[in-house]
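Small disclaimer: the values here were computed from a predicted structure and weren't measured. Just so we're on the same page: letters track the sequence lines, and every chain starts at 1.
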There are 2 protein chains.
Amino acid sequence: MEENFENLYLENQLCFPLYAASRLTTKMYAPYLEDLDITYPQYLVLLVLWQYKEQSVSSIGQKLLLESNTLTPLLKRLEQKKLIIRKRSIKDERTVLISLTKEGKALKKKAVCIPEKIIKSFKTDKISLSEAIEFQKTLVKLMEGLKEKL
Amino acid sequence: MEENFENLYLENQLCFPLYAASRLTTKMYAPYLEDLDITYPQYLVLLVLWQYKEQSVSSIGQKLLLESNTLTPLLKRLEQKKLIIRKRSIKDERTVLISLTKEGKALKKKAVCIPEKIIKSFKTDKISLSEAIEFQKTLVKLMEGLKEKL
DNA sequence: TAAGATTAAATCGTTTGCGATGTAAATGTA
DNA sequence: TACATTTACATCGCAAACGATTTAATCTTA
């Protein structure tokens, strides 16, 4: 009985490069986010709020695929930094609504230059633009597919 | 002065789907790894040890892009589970060599079926095989490119 | 309307991930 | 050989992630 041990080789896995690329990408953002005094997951939450305005904890979670056990402490930290306001909904006391403070809104202007800088850093002689676009599409499809299965 | 706020839209970022896909993938492994009583990063370390035998902490770190601040506690947990042995090198007392116990080696047989199951779960009607192969290639190139820049 | 089910956040405990720093061994060099 | 530098891990503190559970509000339905 042949056992496919090669399947266990690191380079043959999809999971590892995904895990590594994700962590490396986060590190690429770090110096820019440090200037804004926020972390990468905090940045993602702000992206949501900049794009969609006031949101409940769960609707932020739906967009970022995170749950209250992760978001609640993170949001409390953003509140401490005076970037957001957390308040119970009057219509439904279970819901906590998150909105941006003036400082939180203002931070958007400082953040707007980040994607461009990141794209430049991403650019490699190894990866063409069309390849990158194709990659992004597949990545999103992969994410959607995985989301459905969990 | 036009400000490209659309660049900040969640769906236009590369970072977010990468981050989400990585986390979702880890979750796909969870039920299988639970059977082996290990976590996903612990699985990655075992993949290295199954493939390369005895390794120093730093050479494991080089392969997984992790440093001793992450690996040392993780390796101690694997040692507690009796899956690995940590011992100082005689040739260089600074180096800690990690080797598999009998149990650690035996676990490989239980793990060998995991990649296949994962691949099946990954398969989506949305993503073709050729697309998946292309994707993996680009992902690895991306990882390599990022690694060089950090 | 009262009891049970569902939902939204929060809390708890554990493991990662990582920047910064510490410690001890090995190496380089004057 | 002395002393500085480098290297390999370890330690510390903090912020995610996340499974499991709790709490309180809302909804269902009998």
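- Under 4.0 angstrom from either OP1 or OP2 of C:dA10 there lies at least one side-chain N or O belonging to A:R86.
- For the pair A:S58 and C:dA9, the criterion of a side-chain N or O lying under 4.0 Å from OP1 or OP2 is met.
- Distances shorter than 4.0 Å separate none of the side-chain N or O atoms of A:T72 from OP1 or OP2 on C:dT11.
- Listed candidates were D:dA24, C:dT16, D:dG19. Nearest to the side chain of B:P41 is C:dT16.
- A:Q55 and A:K63 form a side-chain donor-acceptor contact under 3.5 Å, judged by distance and modelled atom types alone.
- Nucleic acid contact class of A:T26 (heavy atoms, under 4.0 Å, all strands): none.
- As rounded to whole Å, 15 Å separates atom P of D:dA15 from atom CD of A:E79.
- At the heavy-atom level, B:E67 lies nowhere under 4.0 Å from the strands shown.
- In terms of position along DNA chain D, the nucleotide closest to B:T95 lies nearer the 5' end than the nucleotide closest to the other residue of the pair A:L74 and B:T95.
- The closest side-chain heavy-atom distance from A:E134 to A:K137 is below 4.5 Å.
- The side chain of B:K76 contributes no N or O atom lying less than 4.0 Å from OP1 or OP2 of C:dT16.
- Judged by distance alone, with hydrogens and angles left aside, A:N69 brings a side-chain donor or acceptor within reach of the base of D:dG19, the pair sitting under 3.5 Å.
- Of the listed nucleotides (D:dT7, D:dA20, D:dA25), D:dT7 has the atom at the smallest distance from the side chain of B:R94.
- Between A:R88 and B:D92, the one whose closest nucleotide on DNA chain C sits nearer the 5' end is A:R88.
- C:dC18 atom P lies 12 Å from atom CG of B:L64, rounded to whole Å.
- For D:dA17, the OP1/OP2 oxygens have a side-chain nitrogen or oxygen of B:Y19 closer than 4.0 Å.
- The B:E93 side chain lies nearest to C:dA25 when the options are C:dA25, D:dA16, C:dG17.
- In this structure, B:S68 does not reach the D:dT11 phosphate: none of its side-chain N or O atoms is under 4.0 Å from OP1 or OP2.
- Ion pairing between A:E93 and A:R88 fails under the 4.0 Å rule for side-chain N and carboxylate O.
- Checking C:dG17, C:dT15, D:dA15 against every side-chain atom of B:T70, the shortest atom distance belongs to C:dG17.
- Among the nucleotides C:dA20, C:dT16, C:dA26, the one closest to any side-chain atom of B:R77 is C:dT16.
- The nearest whole Å value for the distance from the CD1 atom in B:I90 to the P atom in C:dA26 is 12 Å.
- One finds no salt bridge joining B:E144 and B:K141 here, because no Lys/Arg side-chain nitrogen approaches an Asp/Glu carboxylate oxygen to under 4.0 Å.
- Candidate nucleotides C:dA26, C:dA9, C:dT15 were compared by shortest atom distance to the side chain of B:T39, and C:dT15 ranks first.
- Between A:L97 atom CG and D:dA25 atom P the separation is 16 Å, expressed in whole Å.
- Between B:I60 and B:I98, the closest side-chain pair of non-hydrogen atoms falls below 4.5 Å.
- Between A:Y43 and A:Y29, the ring planes lie tilted relative to each other; the angle falls in the 30° to 60° range.
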